[in-house]
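First up is the structure itself, then whatever we jot down about it.
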Amino acid sequence: MEKLQAVRGMHDTLPGETPKWQLLEDALQVVLHSYCYREIRLPIIEKTELFARSIGAGTDIVNKEMYTFQDRNDELLTLRPEGTAGCVRALLQHGLIYAGPQRVWYQGPMFRHERPQQGRQRQFYQVGAEAFGMEGAEIDAELILVCARIWGALGIEGITLQLNSLGSHRARHSYRKLLVDYLSAHRGELDEDSIRRLETNPLRILDSKNPALQGLIDGAPSLLDSIDAESAEHFAALQDLLDANGVEYKINPRLVRGLDYYNRTVFEWTTDKLGAQGAICAGGRYDDLVTQIGGRATPAAGFAMGLERILALLECSGAEAVAGAPRFYQVMVGADAVNSGFRLAERLRDDIPGLPLLLHCGGGGFKSQFKKADKSGAEYALILGADEVASNTVLIKPLRTDAEQYKVTQEQLAAEIKRLL
RNA sequence: GUGAGUGUAGCUCAGUCAGGUAGAGCGCCGGAUUGUGGUUCCGGUGGUCGUGGGUUCGAACCCCAUCACUCACCCCA
């Protein structure tokens, strides 16, 4: 029979790895809550049309990377490839978009059918924050400061903030023409990918890694030269706020995002420690998305970060999370000991909620049970054998020090454990 | 989607070049006078060599296909 394995690009997070995930998630929550972002929980499946309309019908994500399928009633559905579209849809559907400024955050799995490699899997986890109803550059700055504080909380260093402004959609559209004209004039110098993108997403050609193209790209008209006056002002205001708060950034006129809904501010936090997948967090402003999804024009901005990449970065910098070991391991030898041991343990759990107490299951003598107690990482063994059952006592043996084991009555045990905790 | 590399015991790997029906370390289980772990010593358990075909008297090894992982392109968080 064929061995069953996980679907390609879908990873299991094993018990040994979950503590570091929990540590990361907790740290993110603390920072987000300190800026008063509130959690929103969203469906993993949405109608396909939502993504086609928001991310953009011409983007790679929508064209070749979505997990799309037909429901039993022939509805076209998609496993979400990102979180923003569903978030906007939910706030719109429930009328929160118009209920004054909103700050929300979400976390969970996203799905993209890409070839897996380092820092890129088909099911991956993002934490994102979105803010609605705020027009000025202040919210752009706040989002970036949230990110910066997250890096600080996690002890992540050596990453770069890249910043750009795409201008208004209109300005971006006319720039697109300008760029296509320029590149078409040099069509012969373009590589295969770039020629394809000339039709689909010409701005991304600016992002090309092909060294042969760098000269051509350097000579291209600059996006920043052609953005509208209001956007330029907005961008300047953002830079002032970042400067005033000591956030370092690099203006990168070639930074364009792969999702169509962005306008004005776009940013990306990148590292050079993770190979080809250098972006750990990215976002920007998307003032026209709410309209595209069918609502009234509402200014909006947000970011999303890739948790696998952040974890990989934390491992690079040598951080280690501690796995959850029991504090107490209860050794029980003989049927009578098991019997009264279970009842004793249940009483302890009543008295001390959350007590990390591991009961030995599966029999065996004292020797083998102690081996397992040691291996479990527990600090103390609680020992129950025939003698203890007969005398209504328990032996407590410290496993991590040379201290002698000692005897307490079963009535005293809860108090003694509280003392040891 | 394109290209390259890898796949042998629960884990890390040797064996592949020059085909002769599988090895090490760690782990796991047990023992060292039977109610005490962590060190040491002794013994044991362990793999249809990713999967399916082919070549051959004979394949972990050569060939083809396929799946998965890794890396790069691409894409993006």
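We use all heavy atoms of the structure for the numbers below, so side chains are in, but hydrogens, waters and symmetry mates are not. No experiment lies behind these values; they were computed from the predicted model shown.
In terms of polar N and O atoms assigned as donor or acceptor, the side chain of A:Arg309 comes within less than 3.5 Å of the base of B:C76 in a complementary pairing. Under 3.5 Å, the side chain of A:Asp374 and the base of B:G38 form no donor-acceptor pair of N or O atoms. Between the side chain of A:Gln405 and the base of B:U36 there is at least one donor-acceptor pair of N/O atoms closer than 3.5 Å.
Applying side-chain contact (heavy atoms from CB on, under 4.5 Å) to A:Leu289 and the options A:Asp260, A:Thr84, A:Leu92, A:Ile55 leaves one that passes, A:Thr84.
The side chain of A:Arg196 sits closest to B:C74 out of B:C74, B:A77, B:U36. When each of B:U70, B:A77, B:A68 is scored by its nearest atom to the side-chain atoms of A:Gln5, the top-ranked nucleotide is B:A68. The listed nucleotides are B:C67, B:C74, B:C76; the one nearest the side chain of A:Ile61 is B:C76. Among the nucleotides B:C75, B:C73, B:G35, the one closest to any side-chain atom of A:Gln117 is B:C73. Of the candidates B:C69, B:A77, B:C74, B:A77 carries the atom nearest the A:Ala282 side chain, counting heavy atoms from C-beta on. When distances run from any side-chain atom of A:Arg120 to the nucleotides B:G35, B:C69, B:C73, the shortest one goes to B:C73. Of the candidates B:G35, B:C69, B:A77, B:A77 carries the atom nearest the A:Gln126 side chain, counting heavy atoms from C-beta on. Set against B:A77, B:G35, B:C74, the side chain of A:Leu395 has B:G35 as its closest nucleotide.
For B:G37, the OP1/OP2 oxygens have a side-chain nitrogen or oxygen of A:Lys367 closer than 4.0 Å. The phosphate of B:C75 (OP1 or OP2) has no side-chain N or O of A:Arg115 nearer than 4.0 angstrom. At B:C71, one or more side-chain N or O atoms of A:Gln118 fall inside 4.0 Å of OP1 or OP2 (strictly under the cut-off).
If you check every strand for non-hydrogen atoms under 4.0 Å, A:Ile383 touches a base. Counting non-hydrogen atoms under 4.0 angstrom, A:Gly9 reaches the backbone sugars and phosphates but no base. Backbone-only contact: A:Lys372 has heavy atoms under 4.0 Å from sugar-phosphate atoms and none from a base.
Mapping A:Lys397 and A:Gly119 onto RNA chain B via the closest heavy atom, the residue that lands nearer the 5' end is A:Lys397.
Atom CH2 of A:Trp269 is separated from atom CH2 of A:Trp151 by 7.5 Å, given to the nearest 0.5 angstrom.
Shown here, B:C62 forms a base pair with B:G54; the pair counts as Watson-Crick or G-U wobble because both key distances fall under 3.5 Å. Of all nucleotides present, only B:A4 satisfies the Watson-Crick or G-U wobble test against B:U70, with each distance under 3.5 Å. B:C41 is paired with B:G31 under the Watson-Crick or G-U wobble criterion, all donor-acceptor distances under 3.5 Å.
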Item to complete: Check step by step if side-chain contact (heavy atoms from CB on, under 4.5 Å) holds for A:Arg115 and A:Gln117.
Response: CA-CA 7 Å; A:Arg115 188 95 169 231; A:Gln117 66 182 73; 5.8 Å; no
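Residue ring and nucleobase are not stacked for A:Phe370 and B:G37 under a centre distance beneath 5.5 angstrom and an angle between planes beneath 30°.
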